[in-house]
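Letters go in sequence order (proteins before strands), and every chain restarts at 1. Keep in mind the model is a prediction, meaning the values are calculated, not measured.
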Number of protein chains: 2
Amino acid sequence: MTEKQEKIITAALDLFAKEGFRNTPTSKIAKQAGVSEGLIFRHFTNKDGLLEAIVNEGGERFKMLYADIVLENDAKKIILKTIHMAKSITANKEDMSFWKLQYKLKWELDIYDAKKIEPLERSLSMAFEELKFRDPKMEAKLLLTLLDGLATRLFLDADFDLEEAIDYLAKKYNLIK
Amino acid sequence: MTEKQEKIITAALDLFAKEGFRNTPTSKIAKQAGVSEGLIFRHFTNKDGLLEAIVNEGGERFKMLYADIVLENDAKKIILKTIHMAKSITANKEDMSFWKLQYKLKWELDIYDAKKIEPLERSLSMAFEELKFRDPKMEAKLLLTLLDGLATRLFLDADFDLEEAIDYLAKKYNLIK
DNA sequence: TATATTTGCAAGTGATTACTCACTATTATG
DNA sequence: CATAATAGTGAGTAATCACTTGCAAATATA
């Protein structure tokens, strides 16, 4: 990856997040990246190729997000760390805009790669099993579904209080006092 | 509303759901509706006006969805009916495509009207209070957030089993055996 | 029935779009 | 150092887009 290639991706990331994929002209991306428009097509073939690069990066970063969770042995910690994922994707402005874009693209492109969360779902399932939940698999699936809902509110409803929601969740699962 | 006006809305509903708002040309809408392209602008001023009509219809239909829930007195029934809302929006193909579009537009337009669910949230909150939940307000908010997650999975993940999820939820809340 | 209003059409139009192409500059390799 | 490959430019281009305009048909109103 050359320096200019990264600049293109950074600019596209920023503009797609703000304006959406279809609504962002390649000319604008090139301008913000400080490169010629033709270079985008030299490196990424077409606009969809640029999008693909961004989606792939999203997939990689997502795996990294829960990498340490699947290595965890303590059941309660697995669940607690999973819940706190929602917090880490909003740690700073850039992260938030990055993850918001990933969700936005899910809807725009009509994709939901269930395989990407499978390892996390398995870890959660085992954790719930250890904690004697009635149906550990469903409980795991439902918690991940709740996290999807949390993301929806977090990214679309400016008034949503994530901290409060996470706190309540942790109490509900008896993870904290 | 004239006959052709309705045909335009129906076509737009269908195409926006399939291809997205920005990606659907007005020429295509006109063609599918069997009218001239100019008529769209005569009736809806511009493309955004057409979108507005659709979003407004979504708001109205959403209120109708939970109209009978807020009139319910039995706490358990309020919660159960709320959970079953997820099922009624997938009753048939047209409904499913309609509601999927509404969610899609939320992300494309970056809007989340929390006011629209407020009456339902209040009803739920009262129900949870009656059932002696620790923090009824948070519990209500969290259940609605879970429903947002359920919608995400339902509309994007083809393998998601809604029936199963709803069943498990109902048991979790002690609404059924 | 006369006339005003609304509904509808078809053929534009200028702006914008993703993408190409002919070319130059830079870097890697033998 | 020569040459091949890659990185980069920027002026095009055909297609597509939302929207306009001038006019006709249908409908409402007096």
ask   = Quick one: L39(A) CG to dT24(C) C1', roughly how many Å, whole number?
value = 14 Å

query = Is M126(B) reachable from I69(B) through a run of I, L, V, M, F, W or Y residues, each pair having side-chain heavy atoms under 4.5 Å apart?
reply = no

ask   = Which listed nucleotide (dA18(C), dA18(D), dC9(C)) is nearest to the side chain of F41(A)?
value = dA18(C)

Spacing between I40(B) atom CD1 and dC19(D) atom C1', to the nearest angstrom = 11 Å

query = Heavy atoms, side chains only, cut-off 4.5 Å: are W107(B) and L156(A) in contact?
reply = yes

ask   = How many Å lie between CD on E6(B) and P on dT7(C), as a whole number?
value = 13 Å

task = Among dC9(C), dA18(D), dA7(D), find the nucleotide with the atom closest to the side chain of K47(B).
result = dA18(D)

task = Give me the residues of residues 8-28 of chain A where at least one heavy atom lies under 4.0 Å from an atom of DNA chain C, by number, or none.
result = T24(A), P25(A), T26(A)

inquiry  = I need the CD-P distance between Q5(B) and dG8(C), as an integer number of Å.
reply    = 7 Å

request  = Using whole Å, report how far NZ of K31(B) lies from C1' of dA10(C).
outcome  = 15 Å

message = Check the orientation of Y103(B) and F155(B). Use parallel for under 30°, tilted for 30 to 60°, and perpendicular for over 60°.
response = tilted

ask   = Just checking E37(A): base, sugar-phosphate only, or nothing, at a heavy-atom cut-off of under 4.0 Å?
value = base

Nucleotide nearest K4(A) (side chain, heavy atoms from C-beta), chosen from dT9(D), dT20(C), dT7(C) = dT9(D)

query = Closest to the S36(B) side chain: dA10(C), dC19(C), dC19(D)?
reply = dA10(C)

remark   = When rounded to whole Å, the CZ to P distance for the pair R42(A) and dT6(D) reads 10 Å

task = Establish, with yes or no, whether the OP1 or OP2 oxygen of dT6(C) is under 4.0 angstrom from a side-chain nitrogen or oxygen of H43(B).
result = no

Gap between atom CZ of R42(A) and atom CD1 of I40(A) - 0.5 Å precision = 13.0 Å

message = Within the 4.5 Å heavy-atom criterion, are I89(B) and M85(B) side-chain neighbours or not?
response = no

task = Nearest whole angstrom, please: distance from the C1' of dA7(D) to the CZ of F44(A).
result = 13 Å

ask   = Under 3.5 Å, is there a donor-acceptor pair linking the side chains of E37(B) and S27(B)?
value = no

query = Rounding to a whole Å, what distance do you find between L50(A):CG and dC19(C):P?
reply = 10 Å

inquiry  = Parallel, tilted or perpendicular, judged at 30° and 60°: which one describes the rings of F128(B) and Y173(B)?
reply    = tilted

